[in-house]
Amino acid sequence: MKLLHEPESDDPILSVVNIIDIFLVIIAALLITVAQNPLLNAFSKQDVTIITDPGKSNMEMMIKKGKTIEHYKSSGAIGQGEGAKAGTAYRMKDGSIVYIPEDKQ
């Protein structure tokens with residue numbers, strides 16, 4: 001039997017209410033994180049490209065266009081193309097770059 005002079009701090013339901021408050025704060029933080037991430041935000045109309053580890057053999061690219069998300073993974077191989085050497089570029093001490101075209105003989 002509960003008496004009127006007993007303190008309310010002994011009530012076990014108060015700890016449950018505090019846990020519910022903590023979960024509400026965690027859920028709000030997760031919703032803000034999802035809303036700020038351009039890939040996870042379903043309402044974003046922007047096209048987004050994310051590149052991880054650029055220039056390395058394990059480079060990955062994720063491209064979001066509209067509602068479709070494409071994922072590309074690097075094979076680590078160097079690509080080849082058709083072309084010829086057009087000249088040489090030199091970086092000067094002041095940071096500028098000088099391009100010297102090749103002589104065609």
Side-chain angles (χ1 to χ4, degrees):
M1 180 174 188
K2 186 174 179 179
L3 300 174
L4 294 175
H5 66 277
E6 289 183 16
E8 292 183 10
S9 62
D10 294 338
D11 192 8
I13 197 71
L14 292 177
S15 61
V16 173
V17 171
N18 289 338
I19 291 174
I20 292 172
D21 291 341
I22 292 171
F23 283 133
L24 287 174
V25 170
I26 291 172
I27 290 171
L30 288 174
L31 286 173
I32 290 171
T33 303
V34 168
Q36 290 179 347
N37 189 338
L39 282 179
L40 298 177
N41 190 354
F43 302 109
S44 175
K45 304 224 185 245
Q46 295 176 330
D47 292 339
V48 178
T49 302
I50 296 177
I51 300 173
T52 58
D53 296 329
K56 297 181 182 174
S57 61
N58 61 345
M59 181 173 79
E60 294 182 11
M61 232 168 56
M62 295 179 75
I63 301 172
K64 178 186 174 204
K65 291 183 180 177
K67 292 185 179 182
T68 62
I69 297 177
E70 298 173 0
H71 183 258
Y72 299 101
K73 202 170 204 179
S74 171
S75 65
I78 297 175
Q80 291 182 332
E82 296 179 14
K85 186 175 179 182
T88 308
Y90 295 98
R91 184 179 308 272
M92 306 308 282
K93 287 183 181 179
D94 65 354
S96 63
I97 296 178
V98 176
Y99 169 72
I100 302 173
E102 290 259 333
D103 290 334
K104 293 188 179 184
Q105 297 178 13

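All values reported here derive from a predicted model rather than from experimental measurement.
Other members of the hydrophobic cluster containing M61, listed by chain and number, are I51, M59, I63, Y72; membership follows side-chain contacts under 4.5 Å among ILVMFWY residues, whether direct or relayed.
Taking hydrophobic clusters as Ile, Leu, Val, Met, Phe, Trp and Tyr residues chained together by side-chain heavy-atom distances below 4.5 Å, L30 shares a cluster with I22.
How far OG1 of T49 is from NZ of K65: 7.5 Å, rounded to the nearest 0.5 Å. To the nearest 0.5 Å, atom CD of residue E60 and atom NZ of residue K73 are 5.0 Å apart.
The side-chain contact (heavy atoms from CB on, under 4.5 Å) search around I20 returns V16, L24, not counting sequence neighbours. Residues satisfying the side-chain hydrogen bond (donor to acceptor under 3.5 Å, both in side chains) criterion with D53, sequence neighbours excluded, are N58.
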Less than 3.5 Å apart, which donor and acceptor atoms pair up between the side chains of residues 88-100 and the rest of the protein, not counting sequence neighbours?
unit_1, atom_1, unit_2, atom_2, d
D94, OD1, S96, N, 3.0
D94, OD1, S96, OG, 2.8
Y99, OH, A86, O, 2.8

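Taking each heavy atom of S57 and S74 in turn, the nearest pair found is O-OG, 3.5 Å.
Counting heavy atoms from C-beta outward, D21 and V25 have side chains that stay 4.5 Å or more apart.
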